[in-house]
Amino acid sequence: MLLIHNISLLQTPVGNASLRGLAQGENRKYHNASVLIDGETIVSITEEGALPPCPPDTVRLDAGGAFVTPGWVDAHTHLVFGGWRQHEIPLKLKGASYLDILQAGGGILDTVRQTRQISEDSLFDRAMGFLDEQLRFGVTTTEIKSGYGLDLENELKQLRVIRRLNEAHAMDVVPTCMAAHAVPPEFAGRADAYVDYVCETILPQVADEQLARYCDVFCETGVFSVAQSRRVLETARSLGLGLKIHADEIDAFGGAQLAGELGAVSAEHLIATDERGIAALSAGGVTACLLPQTSLYLGKNFARAREMIAQNVAVAIASDFNPGSCPSLNLQLSANLAYLRYRMTPEETLSALTLNAACAIGLGEQLGTIEPGKQADLTLWNTDGMEMLCYRMGSNQVKAVVKRGKVVVG
Ligand code: NIG
Ligand code: FE
């Protein structure tokens, strides 16, 4: 057994289901606490300096007065890719928009070229480094989307890398197939034919090899229409995959309404989503997965998080790590922006980064809170609480990370 003691404050949301409305801001706080762990599982939490009865061979870890939360969950990344896209910045500074660059054959399509060229092993080695970096930022579970292959061979290559990462790395990794991320050059001007190919060839093979738990689609002006996105997601559902959607990242395009209608587990970005979109998310029980660093990086508005919470939409916050719209693995920066730009409270922010994020990737029963029976994923911080964590910006506040009951950082 492992006993982590001398925790000045332990703060966690409670339960297995996503928290919405007022409940999003409810966190349980234990002062002067300790956590007892058996193998990979949390056994008990004590407070006010009390220690639980534990066997004599229990290993003791002195937290040194640290602030402790559940390990953070990054519910939206595009972490497996070749190359970078720093050459886009001068274009953007001259006024080119994200969609201008994509329509000129750059953007996502540039990364597709670079990803197709790289071997599976090189992609894997690179992504292992990214996961190490995420872990050092206090993230213990991550979702990863494919979508830089855009043909059967290369989508499967990316998804196999994601599967290997889950096996090889301390981090838990959840795979999402995003073959409908852009129309590849072979299908230029023939988006419907590409959607046929995704639905008839890529998704069935992915489902057959059990390479993805979710399917995602980029429903956006000039990318995939609402009707095309519906086809992709309905096909995915018939194959047993869960549904996610990149919705209203640039324009209020109807993606949130589609998510609500289909009862998707999450809709992501939602930068431009209006009241009707928010109502649809609420009616459909869809988690809003918000990506504030992307708003910052693209120079866009920030999603209407306060209205979403007021309308009983569960809000999760993630990084969106990718080489175009968010080349950052630091989820702490998302917490800063949630506080300052979404005006979420530190407590709402913690729920968004832990339990709600875990639920957005189907892991709410195992992860996202510190409670007996849950997996022992904990982050120890060098701050005195969530308010300080949301306020400090730019330095890494992690002191140590415990994943499945083992100290993996610190
Ligand atoms: O979530 N919008 C689509 N996908 C990513 C960006 C991918 C890229 O630019 O390479 C996003 O912002
Ligand atoms: Fe994304």
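Just so we're clear, the structure is a prediction, and the values are computed from it rather than from any experiment. Atoms within a ligand are numbered from 1 in the order they appear, just like the ligands themselves.
Taking a 6.0 Å sphere around CZ of R116, one finds it holds more than 12 heavy atoms contributed by other residues, nucleotides or ligands. Counting non-hydrogen atoms of other residues, nucleotides and ligands closer than 6.0 Å to CZ of R306 gives a total above 12.
Cation-pi geometry between R28 and Y30 is satisfied (NZ or CZ under 6.0 Å from the ring centre, within 45° of the ring normal). By the 6.0 Å and 45° rule, R126 stacks over the aromatic ring of W84.
Note: H246 and H181 have tilted aromatic rings, judged against thresholds of 30 and 60 degrees for the angle between ring planes. Note: H269 and H76 have perpendicular aromatic rings, judged against thresholds of 30 and 60 degrees for the angle between ring planes. Taking the six-membered ring where tryptophan is involved, the planes of F81 and F321 are tilted, since the angle between them lies from 30° to 60°.
Taking 2.8 Å as the criterion, H269 does not count as a coordinating residue of the Fe ion (ligand 2), since none of its N, O or S atoms falls below it. Metal site remark for the Fe ion (ligand 2): E249 contributes no N, O or S atom at a distance under 2.8 Å. Within the coordination shell of the Fe ion (ligand 2), defined by N, O or S atoms under 2.8 Å, H78 is present.
When NE2 of H76 and OD1 of D320 are joined through the Fe ion (ligand 2), the resulting angle is 80° to the nearest 10°.
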Quick one: table the atom pairs, ligand 1 N or O against protein N or O, below 3.5 Å, distance rounded to 0.1 Å.
residue  : atom   : partner : partner atom : Å
ligand 1 : 1 (O)  : H78     : NE2          : 3.3
ligand 1 : 1 (O)  : H246    : NE2          : 3.0
ligand 1 : 1 (O)  : H269    : NE2          : 2.7
ligand 1 : 1 (O)  : D320    : OD1          : 2.9
ligand 1 : 1 (O)  : D320    : OD2          : 3.0
ligand 1 : 2 (N)  : E249    : OE1          : 2.6
ligand 1 : 4 (N)  : H181    : NE2          : 2.8
ligand 1 : 9 (O)  : R85     : NH2          : 2.8
ligand 1 : 9 (O)  : Y98     : OH           : 2.5
ligand 1 : 10 (O) : R85     : NH1          : 2.9
ligand 1 : 10 (O) : R85     : NH2          : 3.4
ligand 1 : 10 (O) : Y148    : OH           : 2.6
ligand 1 : 12 (O) : E249    : OE2          : 2.9
ligand 1 : 12 (O) : D320    : OD2          : 3.0
ligand 1 : 12 (O) : S325    : OG           : 2.6

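Taking 4.0 Å as the cut-off between side-chain N and carboxylate O, D110 and R85 do not count as a salt-bridged pair.
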